[in-house]
Structures are given as C-alpha cells and as structure tokens.
Amino acid sequence: QVQLVESGGGSVQAGGSLRLSCAASGYTGNTYYMGWFRQAPGKEREGVAAIYTVAGTTYYADSVTGRFTISRDGAKNTLYLQMNSLKPEDTAMYFCAARTRFDGYRSRMEMLGTSGYNNWGQGTQVTVSS
C-alpha cells in the first residue's frame, strides 16, 4: 500500500501561482503512474495532470495545458503540481493518486481517468478569487 499526503493548497488571486506537493510513503517502489485530480462542488472528479514515472512522460488536461506542470522527485518520493496563471475555474479540491499495477503504456485518456488509480490522498483545497 502507498500512503499519499497532499499539501500546498490555499487561496490565491487570479493570475497567481501555487505549488502542490504529494508525499508518498509505504511501499513506493511500484508507483508507476501518478496523477493530480480535482473536484469542484457539484462536479465529478477530473484528471488534471499525470505522469508515467517509468518514462517520465506527462499528460495534461486541455484546460491546464501551458499553465500547470507535473513533476516528480523520486529521491524524495514526492509528486508536484506547479500551477501558474490560476483562474477562478481552477477552484477545487485537488487530489494526488497513484496506480501500483503495471501494464506498460497507457493512453492519455487512461492516464487522466480516475478509474485507473488505486491509491488516493485526502486532498488539498485550492481557491482562486477573481
């Protein structure tokens, strides 16, 4: 099992930046796929960014491409999400997730889909005011 703990959320004005962190503990040797997801009140959870840690390949939702950057520090077992040019519509609870089952290449849709992940953090709130 992998335990995931997010941090770095907060309140920021539109145009501002935040960096989210996700610390992984437990058995982290098989966190082959990791991602950031968000859920706004009354909406479904959606994929924001993901990384195939074996190859370092990254994937982004269209809504955040060019503004958000996902990265991972393997030595620290920490996943990051750098968020720039934040907009009010980015307001949501942000979750970190990991998939520990390895099955090679996964499509962008699979990487950004919630059903493919079997470990989730508790979330960190991001609020962007206009």
Side-chain angles (χ1 to χ4, degrees):
Q1 275 285 32
V2 178
Q3 291 77 47
L4 303 171
V5 179
E6 304 94 335
S7 62
S11 297
V12 64
Q13 289 192 329
S17 298
L18 284 173
R19 188 177 80 154
L20 305 183
S21 299
C22 171
S25 60
Y27 185 66
T28 59
N30 57 352
T31 49
Y32 306 113
Y33 315 88
M34 299 190 76
W36 286 99
F37 297 79
R38 67 186 182 188
Q39 187 167 19
K43 294 188 176 181
E44 293 188 355
R45 191 170 298 187
E46 63 175 357
V48 175
I51 183 168
Y52 176 34
T53 63
V54 175
T57 311
T58 57
Y59 306 81
Y60 296 94
D62 291 341
S63 59
V64 305
T65 297
R67 299 189 297 123
F68 291 11
T69 302
I70 188 172
S71 62
R72 178 176 174 264
D73 185 332
K76 296 182 178 179
N77 290 319
T78 301
L79 184 73
Y80 301 100
L81 184 68
Q82 178 66 45
M83 306 186 294
N84 298 328
S85 302
L86 283 162
K87 304 176 181 180
E89 50 263 45
D90 294 319
T91 295
M93 184 72 77
Y94 283 70
F95 299 88
C96 172
R99 175 183 174 90
T100 55
R101 173 181 171 177
F102 181 75
D103 46 14
Y105 169 78
R106 293 176 64 78
S107 69
R108 176 176 176 273
M109 182 178 295
E110 290 172 321
M111 289 295 292
L112 294 177
T114 58
S115 62
Y117 294 82
N118 58 337
N119 292 272
W120 292 86
Q122 295 299 307
T124 185
Q125 177 68 37
V126 172
T127 302
V128 184
S129 59
S130 58

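Quick caveat, the model's predicted, so the values are computed rather than measured.
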Subject >> Check: Val126 and Leu20 side chains under 4.5 Å, non-hydrogen atoms >> reply: yes
Original post:
Are the side chain of Glu6 and the backbone N or O of Gly123 linked by a donor-acceptor pair below 3.5 Å?
Top reply: yes
Original post:
Does some side-chain heavy atom of Leu18 sit less than 4.5 Å from a side-chain heavy atom of Phe68?
Top reply: no
Original post:
Looking only at atom types and distance, does a side-chain atom of Ser85 sit under 3.5 Å from a main-chain N or O of Gly15, one as donor and one as acceptor?
Top reply: no
Original post:
Same hydrophobic cluster for Val48 and Val12, using side-chain heavy-atom links shorter than 4.5 Å among ILVMFWY?
Top reply: yes
**OP:** Keeping to residues at least two apart or across chains, list the side-chain hydrogen bond (donor to acceptor under 3.5 Å, both in side chains) pairs with something in residues 113-123.
**Re:** Thr100-Asn118
**OP:** Report yes if some heavy atom in the side chain of Arg72 is under 4.5 Å from a heavy atom in the side chain of Thr31; otherwise report no.
**Re:** yes
**OP:** Search all heavy atoms of Ile70 against all heavy atoms of Tyr60 and return the closest pair with its distance.
**Re:** N-OH, 2.9 Å
Subject >> Student check: side-chain heavy atoms of Asn30 and Phe102 closer than 4.5 Å >> reply: no
Original post:
Out of curiosity, Tyr59 OH to Glu110 CD, how far, rounded to the nearest 0.5 Å?
Top reply: 9.5 Å
Subject >> Minimal non-hydrogen separation, Asn77 against Thr28, with atom names >> reply: OD1-OG1, 3.4 Å
**OP:** Without swapping roles, check the side chain of Arg99 against the backbone of Gly116 for a donor-acceptor pair under 3.5 Å.
**Re:** yes
Subject >> Minimum heavy-atom distance Leu4-Ala24, with the two atoms named >> reply: CD2-CB, 3.7 Å
Original post:
At their closest point, which heavy atom of Phe37 faces which heavy atom of Ala97, and how far apart are they?
Top reply: CE1-CB, 3.8 Å
Original post:
When rounded to the nearest 0.5 angstrom, what is the spacing between CG in Leu79 and OG in Ser21?
Top reply: 8.5 Å
Original post:
Does NZ or CZ of Arg19 come closer than 6.0 Å to the centre of the six-membered ring of Tyr80, within 45° of the ring's axis?
Top reply: yes
Subject >> pair Glu44-Glu46: side-chain heavy atoms closer than 4.5 Å >> reply: no
Under 3.5 Å, which donor-acceptor pairs do the side chains of residues 89-96 form with other protein atoms, sequence neighbours left out?
from, atom 1, to, atom 2, distance (Å)
Asp90, OD1, Arg38, NH1, 2.9
Asp90, OD1, Arg67, NH2, 3.0
Asp90, OD2, Arg67, NH1, 2.8
Asp90, OD2, Arg67, NH2, 3.4
Asp90, OD2, Lys87, N, 2.8
Thr91, OG1, Pro88, O, 2.9
Thr91, OG1, Val128, N, 2.9
Thr91, OG1, Val128, O, 3.3
Tyr94, OH, Arg38, NH1, 2.9
Tyr94, OH, Asp90, O, 2.6

Original post:
When you measure from the side chain of Thr78 to the backbone N and O of Gly74, does any donor-acceptor pair fall under 3.5 Å?
Top reply: no
Subject >> Smallest separation among heavy atoms of Met111 and Tyr33, with atom names >> reply: SD-CD2, 3.6 Å
**OP:** Look at the side-chain heavy atoms of Ile, Leu, Val, Met, Phe, Trp and Tyr, link any pair under 4.5 Å apart, and say whether Leu112 and Met34 land in one connected group.
**Re:** no
